[in-house]
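The structure appears right after this line, and notes come after that.
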Number of protein chains: 2
Amino acid sequence: MATPTGQRRGRPPRISRAEILAVARRIVDEEGVDRLTMRRLAKDVGSTPMALYHHVRDKDELLVLLLDEYAARALRRPELPADPRERVVAAAAAIREALAGQEWVAQVLTADDLMARSALWFTEQIVDGLVECGLTPERAVHGYRAIWYYTAGELLVRAASARRRAGDDRATYRERVFADLDPEELPRLAAVGDRWARLTAEDTYLDGLRALVDGLVG
Amino acid sequence: MATPTGQRRGRPPRISRAEILAVARRIVDEEGVDRLTMRRLAKDVGSTPMALYHHVRDKDELLVLLLDEYAARALRRPELPADPRERVVAAAAAIREALAGQEWVAQVLTADDLMARSALWFTEQIVDGLVECGLTPERAVHGYRAIWYYTAGELLVRAASARRRAGDDRATYRERVFADLDPEELPRLAAVGDRWARLTAEDTYLDGLRALVDGLVG
DNA sequence: ACCTGAACACCGTTCAAGT
DNA sequence: ACCTGAACACCGTTCAAGT
């Protein structure tokens with residue numbers, strides 16, 4: 001709060017929300033989101049845990065702010081195709097592109113959902129593209145929602161398997177299950193057998209997205 | 001380990017893995033997965049935290065076991081339609097039906113993925129249905145994968161919004177954003193405006209699933 | 001073989017006080 | 001207004017010892 005003369009009152013701030021977020025981002029990037037604790041963050045900022053609570057409400061808000069800021073930076077608006085169906089595909093793919101690979105994003109994502117004003121432009125493109133394909137505005141919103149479910153699911157499931165690969169040992173469990181399936185009971189899976197791991201590791205996001213969009217626009 | 005005469009050696013067990021899982025399940029059902037801690041669980045089992053580590057490797061394994069057991073119980077195999085496309089839809093819907101509403105499942109799901117032998121029958125039905133629709137086995141597996149992304153995404157995103165509704169206050173944030181959108185910049189979203197919350201709260205899982213399956217089988 | 005007690009190395013957050 | 005210190009009420013897991 002400023003006084004009528006423009007002076008600030010009380011003790012001047014030593015740390016800012018922006019500084020807190022920058023340091024948090026560095027910890028997350030270098031050591032993973034699990035290592036981001038309020039105590040550790042305070043230490044790296046050169047302050048105390050409780051000082052942080054003057055700038056963010058709690059740890060949850062910190063994570064959401066982190067995601068919003070990342071989205072604002074990473075979601076550069078691309079040139080989109082003129083064809084409405086291709087525009088929908090390209091907008092969804094751009095969101096996924098920006099969020100994939102950032103392992104920590106998936107873990108925060110479940111705490112927020114379509115995040116930040118910065119993502120709304122993409123939402124607009126998708127809804128608009130679907131309307132131009134002939135859907136009513138209501139069905140276009142539902143279509144956007146389906147696309148978001150698919151995209152978020154891909155991000156979350158893939159992040160989970162990446163984490164599991166890091167922790168080993170359960171990957172071999174799945175391989176064991178698929179290696180000795182009963183071909184009587186589960187013939188298709190038994191036939192795929194050892195190719196399962198390779199097949200599900202392939203990046204088929206775009207194929208699935210196109211199928212979904214094709215199905216949505218009829 | 002049994003001796004050649006069938007006797008067990010060493011101190012007889014006081015608690016079993018089955019008992020641990022049953023108590024864990026009760027805690028999760030009654031108070032939520034966040035309240036399930038090794039210490040709390042030990043207390044309810046009438047033992048000590050470290051005794052648990054003789055029956056499960058760590059907390060992660062406990063959660064996966066819990067999910068596997070729940071899936072085995074909840075995934076009753078339904079009568080499936082003869083038409084292959086409808087069979088794919090029905091099998092996916094059955095998985096989703098069993099897992100939806102169980103709020104804790106979503107939080108564990110990101111730590112596992114297609115869970116347990118008990119789910120493989122459904123996977124088989126989906127892959128088989130897609131093959132009968134004319135897809136190659138490889139494309140059928142990719143198709144299954146897309147359906148799983150969509151289904152897991154729906155479960156996780158909806159569970160996240162349910163949690164947020166419980167915690168309030170940020171729901172109003174989204175409403176505020178949507179209430180004063182710039183109609184110049186985001187005309188479609190501005191037009192939907194206050195109907196956004198209602199529209200995205202609707203259960204349109206089946207519509208999206210059908211669209212995806214339609215798109216997959218061409 | 002199975003269980004216990006004590007300890008290690010942490011958490012997020014509140015409260016009361018200081019400048 | 002902003003920050004600090006001490007404390008509260010917890011965590012998961014390891015280690016050494018007991019029966």
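Reminder, nothing fancy here: chain letters follow the sequence lines and each chain counts from 1. Values reported hereafter were calculated over all heavy atoms of this structure, with side chains retained and with hydrogens, waters and symmetry mates removed. Predicted, not measured: the structure shown is a model, and the values here were computed from it.
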- Would you please confirm or rule out a distance under 4.0 Å between OP1 or OP2 of C/dC3 and any side-chain N or O of B/His55? yes
- Message: Expressed as a whole number of angstroms, how long is the span from B/Leu41:CG to C/dC3:P?
- Response: 13 Å
- Query: Which nucleotide in the set C/dG5, C/dC15, C/dC2 lies at the smallest distance from any side-chain heavy atom of A/Met50?
  - Reply: C/dC15
- Item | Nucleotide C/dC10, atom P - distance to CD of A/Glu31 in whole Å | 13 Å
- Task: Write down the partner of D/dT19 under the Watson-Crick or G-U wobble criteria, each distance required to be under 3.5 Å.
- Result: C/dA1
- Message: Looking only at the side chains, is there a donor atom on one of A/Tyr144 and B/Thr200 sitting less than 3.5 Å from an acceptor on the other?
- Response: no
- Query: From C/dC3, C/dG12, D/dT13, pick the nucleotide closest to the side chain of A/Lys59?
  - Reply: C/dG12
- Nearest-Å distance once atom P is located in both C/dA9 and D/dA9: 24 Å
- Query: With a 4.5 Å limit on heavy-atom distance, are the side chains of B/Val28 and B/Gln102 in contact?
  - Reply: no
- The residue, A/Arg14 or B/Met38, whose nearest nucleotide of DNA chain D is more 5′ is A/Arg14
- Nearest listed nucleotide, side chain of A/Arg39, among C/dT4, C/dT13, D/dC2: C/dT13
- Message: Tell me the interatomic distance from A/Arg57, atom CZ, to C/dT14, atom P, rounded to whole angstroms.
- Response: 11 Å
- Task: Under a 3.5 Å limit for both distances, which nucleotide forms a Watson-Crick or G-U wobble pair with D/dT13, could you say?
- Result: C/dA7
- Message: In this structure, how many angstroms lie between the P atom of C/dG12 and the CZ atom of A/Arg35, rounded?
- Response: 13 Å
- Aromatic ring proximity, centroids under 6.0 angstrom, B/Tyr205 and B/Tyr150: yes
- Task: Select one nucleotide: of D/dA7, D/dC2, D/dG12, the one nearest the side-chain heavy atoms of B/Thr37.
- Result: D/dG12
- Query: Within this structure, what is the NZ-to-C1' distance between B/Lys43 and C/dC3, rounded to whole angstrom?
  - Reply: 18 Å
- Item | Rounded distance in Å - CD (A/Glu61) to C1' (C/dG12) | 15 Å
- Note on the structure: Taking D/dT4, C/dC3, C/dT4 as options, the one with an atom nearest any side-chain atom of A/Ala51 is D/dT4
- Show your working on salt bridge (charged side-chain N to carboxylate O under 4.0 Å, His left out) between B/Arg96 and B/Glu154 and close with a plain yes or no. CA-CA 9 Å; B/Arg96 186 257 188 172; B/Glu154 201 260 356; 2.8 Å; yes
- Message: Tell me whether the side-chain N/O atoms of B/Ser47 come closer than 4.0 Å to OP1 or OP2 in C/dT4.
- Response: yes
- Spacing of B/Leu36 atom CG relative to D/dG12 atom P, expressed in whole Å: 8 Å
- Round to a whole Å and report the spacing from OH of A/Tyr53 to C1' of D/dC8. 13 Å
- Query: If every non-hydrogen atom of B/Ser161 is compared with every non-hydrogen atom of A/Arg145, which pair is closest and at what distance?
  - Reply: OG-NH2, 4.4 Å
